[in-house]
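Single-structure report; data block below.
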Amino acid sequence: MKCSICGAENSENAIFCKRCGNEIGAGICPGCGREVDSEKETYCKYCGTKLKTTGKYYDEPTIPVDEPNVIDVFVDDKPKTYSYSESSLKSEPGKNAAIAALVLGIISLVFWFMGALAILSTLLGVIGLVLSVKAKNEGYVSGVRTAGYVCSLIAVIGGALMFVISLAAAGAVMSIFGSI
């Protein structure tokens, strides 16, 4: 009897291939105990249990492409079908901009406390404000967008104030040491 996986010749009464270990010939389903032809069938027609390997010498994942938007996966060697829609793979309009606004708002709050580098706080805050407004215009209104807007706004105001205070302090120090 010839193995359907590796092509090795086996004796007529062999249950497993001597080269790859694939189950050959008629057998018993390990899931339901019914007699099946494991040489011709990959899965039990009664319960769906996997009967033999699908790859050459080892199991390879099998994802059938018979139907679009359907994925078959195997859980405990039993096939399970999941379907999905194309729209579920796309993110909501404006969501990415809202997340970016929040991240930039938080980063700009950090730069707020770095003296002359507070100008970076102002610049990043402005970008965060633009992104949060863009997210709102695209129809994404959520707490993430609002938090990004608020953090960015605070960073723009605070960063500008801190930058002006840093420059004033630097000028005062220079005037004091310049007159000595």
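Start at 1 with the first residue, then count along the sequence.
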Heavy atoms only: give me the nearest R145-S132 pair and the separation to one decimal.
CD-O, 3.3 Å
To the nearest 0.5 Å, how far apart are CG in L167 and CD1 in I119?
8.5 Å
Counting neighbours of OH on Y140 that are heavy atoms of other residues, nucleotides or ligands and sit closer than 6.0 Å, is the number greater than 12?
yes
Scan the side chains in residues 158-165 for donor-acceptor partners under 3.5 Å anywhere in the protein, sequence neighbours excluded, and list what turns up.
none

Interatomic spacing from OG in S166 to CE in M114 - rounded to 0.5 Å
12.0 Å
Would you kindly confirm whether L120 and V103 end up in one hydrophobic cluster when ILVMFWY residues are joined by side chain heavy atoms under 4.5 Å apart?
yes
Measuring from atom CG of L104 to atom OG of S121, what distance do you get when rounded to the nearest 0.5 angstrom?
11.0 Å
What closest approach, in Å, do E138 and G94 show between heavy atoms, and which atom pair accounts for it?
OE1-N, 2.7 Å
Applying the 4.5 Å side-chain criterion to the ILVMFWY set and letting contacts propagate, would V110 and Y149 be lumped into a single cluster?
no
What distance separates K134 NZ from N96 CG, expressed to the nearest 0.5 Å?
8.5 Å
Where V156 and G125 come nearest, the two heavy atoms and their spacing
CG2-C, 3.3 Å
Sequence neighbours left out, what passes side chain to side chain contact (heavy atoms under 4.5 Å, CB included) with I154? Give chain and number order.
L109, W112, V150
Can you tell me how far OG1 of T122 sits from CZ of F111, rounded to the nearest 0.5 angstrom?
11.5 Å
Among V126, I127, L124, which one satisfies side chain to side chain contact (heavy atoms under 4.5 Å, CB included) with S108?
L124
Residues two or more places apart in sequence or in another chain: which of them pass side chain to side chain contact (heavy atoms under 4.5 Å, CB included) with Y46?
C32, R34, V36, C44
To the nearest 0.5 Å, what is the distance between OG (S152) and CG (L129)?
5.0 Å
If you take all heavy atoms of L131 and A101, which pair is closest and at what distance?
CB-CB, 4.0 Å
